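On a predicted model such as this, the values are computed, not experimentally measured, just so you know.
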Amino acid sequence: METKNLTELTAFILTGLAHQPEWQIPLFLLFLMIYLITIVGNLGLIALICNDPHLHIPMYLFLGNLAFVDTWLSSTVTPKMLLNFFAMSKMISLSECKIQFFSFAICITTECFLLATMAFDRYVAICKPLLYPVIMTNRLCIWLLVLSFLGGLFHAIIRNAFLLRLTFCNSIIVHHFYCDIIPLFKISCTDPSINFLMVFIFAGSIQAFTISIVLVSYTLVLFTILKKKSLQGIRKAFSTCGAHLLSVSLYYGPLLFMYVLPGSAQENDQNMMDSLFYTVIIPFLNPIIYSLRNKKVIDSLTKMLKRNV
């Protein structure tokens, strides 16, 4: 009977980031500032794209959806993290935990597909410029977006379905600042081997597929750029692709270590730092990267500011 009670744990304690009290206020202020800038930056980018007809092209349609996903991802993780800096109880129920992870999984997977879609868009724009309007039709763009979000939803459903087979009795302490599945596996009293295998298969397949599209697309883009005689054309191509390449490079590194190599012997603090990077830092950096390195976005922002002054 006692064992049965242990297996029916329905709440956990998130340890969070600040193990020492003196760091609570500085970290809270830092992440609050990052979160506010993230929300303003991403929603501002969406508003800019919606209000400027010159930005109503596939590249910015995908960028606007990326900004939406970044806003969603940051809002899934950061508010709870900020609340736990000063909360007397850092408890989170199992149902809240599953909902948070479900939302997180949708965002993180959808972003992978969106980054691959954006790479394909740049390949068509640079390698087949005359066929670009024929290939990247509105219908194709909508389908690519729908499939990206459906892929994220499908993956999240599978991950949460396998989470249902686990019971928790070893500990109620989750060494993380949000409900991620790897820390939950560590405190499960059910053998999580199947769950680890499913993470490796599905996360590995999705990342291998999307990274392959990105690498192939930009390899072909690079060859096309090197063939150009015009220095201005080369600069324009690098300017267009540079921001996306930087974003992809920053995003996939920690993600690969967390989910494709989930069995690696990483410390809890290292896991949290990796997670912090792609759940908080990347959504914060993306609007900055895409805005500062994009002439059309800067021009559109300048015009909007002049109209409102």
Problem set entry | Hphob cluster co-occupancy, L83 + F101, side-chain heavy atoms under 4.5 angstrom | no

For this session: Supply the atom-to-atom distance L114 CG to L145 CG, rounded to the nearest 0.5 angstrom.
Result: 6.5 Å

Exercise. So which heavy atom on I126 is nearest to which on T224, and how close?
Worked result: O-CG2, 3.6 Å

Exercise. Can you tell me how far the OG1 atom of T279 sits from the OH atom of Y178, to the nearest 0.5 Å?
Worked result: 5.5 Å

For this session: Using a 4.5 Å cut-off on heavy atoms from C-beta on, say whether the side chain of I182 contacts that of F185.
Result: yes

Exercise. Can you get from L131 to F120 by hopping between Ile, Leu, Val, Met, Phe, Trp and Tyr side chains that sit under 4.5 Å apart?
Worked result: yes

For this session: Mind checking the CZ-CG spacing from F104 to N160? Nearest 0.5 Å is all I need.
Result: 11.5 Å

Problem set entry | Minimal non-hydrogen separation, A208 against S212, with atom names | O-OG, 2.6 Å

Exercise. Looking only at atom types and distance, does a side-chain atom of S74 sit under 3.5 Å from a main-chain N or O of D70, one as donor and one as acceptor?
Worked result: no

For this session: Could you pull out the closest heavy-atom pair between I92 and Q100, with the gap in Å?
Result: CD1-OE1, 4.1 Å

Exercise. Should K80 and L14 count as side-chain neighbours, where that means a heavy-atom distance under 4.5 Å?
Worked result: yes

For this session: Check S103 against T76 and note the closest heavy-atom contact, atom names and distance.
Result: OG-OG1, 2.8 Å

Please set out all donor-acceptor pairs under 3.5 angstrom arising from side-chain atoms of residues 39-50, sequence neighbours excluded.
residue: N42; atom: ND2; partner: T38; partner atom: O; Å: 2.9
residue: N42; atom: ND2; partner: P283; partner atom: O; Å: 3.0

Exercise. Between F102 and L153, is any pair of side-chain heavy atoms under 4.5 Å apart?
Worked result: yes

For this session: Working to the nearest 0.5 Å, report the span between NZ of K128 and CD1 of I135.
Result: 6.0 Å

Seminar exercise, completed: Tightest non-hydrogen contact, residues A11 and M91, listed as CB-CE, 3.4 Å

For this session: Can you measure from OG1 (T78) to CZ (F31) and round to the nearest 0.5 angstrom?
Result: 8.5 Å

Problem set entry | Y35 side chain reached by V280 side chain, heavy atoms, under 4.5 Å | no

For this session: For F113, check ring pair (Phe, Tyr, Trp, His ring centres under 6.0 Å) against everything at least two apart and list the hits.
Result: none

For this session: Calculate, to the nearest 0.5 Å, the distance between atoms CZ and CG belonging to F149 and L147 respectively.
Result: 11.5 Å

Exercise. Are side-chain heavy atoms of L166 and L163 found at a separation under 4.5 Å?
Worked result: yes

Problem set entry | Donor-acceptor contact below 3.5 Å, side chain N195 vs main chain F162 | yes

For this session: Starting from the C-alpha separation in whole Å, work towards a yes-or-no answer on side-chain contact (heavy atoms from CB on, under 4.5 Å) for L61 and M136.
Result: CA-CA 11 Å; L61 175 64; M136 298 303 294; over 6 Å; no

For this session: For residues Y251 and I108, determine if any side-chain heavy atom of one lies less than 4.5 Å from a side-chain heavy atom of the other.
Result: yes

For this session: Verify the cluster assignment for F209 and F154: are they in a single hydrophobic cluster under the rule of side-chain heavy atoms below 4.5 Å apart?
Result: no

Seminar exercise, completed: Applying disulfide (SG to SG under 2.5 Å) to C107 and not counting sequence neighbours gives none

For this session: Would you please classify the geometry between the F202 ring and the H155 ring as parallel, tilted or perpendicular, with 30° and 60° separating the classes?
Result: tilted

For this session: Keeping to residues at least two apart or across chains, list the side-chain hydrogen bond (donor to acceptor under 3.5 Å, both in side chains) pairs with something in residues 44-60.
Result: D52-H54, D52-S300, Y60-N294

Problem set entry | Residues forming a disulfide (SG to SG under 2.5 Å) with C97, sequence neighbours excluded | C179

For this session: Is it possible for you to say whether I201 and V199 belong to one hydrophobic cluster, with membership spreading through side-chain heavy-atom contacts below 4.5 Å?
Result: no

Exercise. Under a single-linkage definition using a 4.5 Å side-chain heavy-atom cutoff for Ile, Leu, Val, Met, Phe, Trp and Tyr, are I282 and I34 assigned to the same hydrophobic cluster?
Worked result: yes

Problem set entry | Side chain to side chain, F168 and L184, heavy atoms closer than 4.5 Å | yes

Exercise. Just by modelled atom types, is the Q207 backbone N or O under 3.5 Å from a matching donor or acceptor in the T210 side chain?
Worked result: yes

For this session: Would you confirm whether T190, through its side chain, and T167, through its main-chain N or O, come within 3.5 Å as a donor-acceptor pair?
Result: yes

For this session: Determine the minimum heavy-atom distance between R159 and A203, stating which atoms define it.
Result: NH1-CB, 4.0 Å

For this session: Step through the shown structure and confirm whether more than 12 heavy atoms of other residues, nucleotides or ligands are within 6.0 Å of CD1 on I25.
Result: no

Problem set entry | Full working for side-chain contact (heavy atoms from CB on, under 4.5 Å) between K98 and L164 | CA-CA 9 Å; K98 289 177 179 177; L164 294 175; 3.1 Å; yes

Exercise. So with a 6.0 Å cut-off around CG of L36, is the heavy-atom count from everything else above 12?
Worked result: yes

For this session: Would you check if V297 and Y290 make a side-chain contact, meaning some heavy-atom pair closer than 4.5 Å?
Result: no

Seminar exercise, completed: So side-chain hydrogen bond (donor to acceptor under 3.5 Å, both in side chains) across residues 129-147, not counting sequence neighbours, yields D121-Y132

For this session: Evaluate the ring planes of W72 and F68, with Trp represented by its six-membered ring, and classify them as parallel (under 30°), tilted (30 to 60°) or perpendicular (over 60°).
Result: tilted

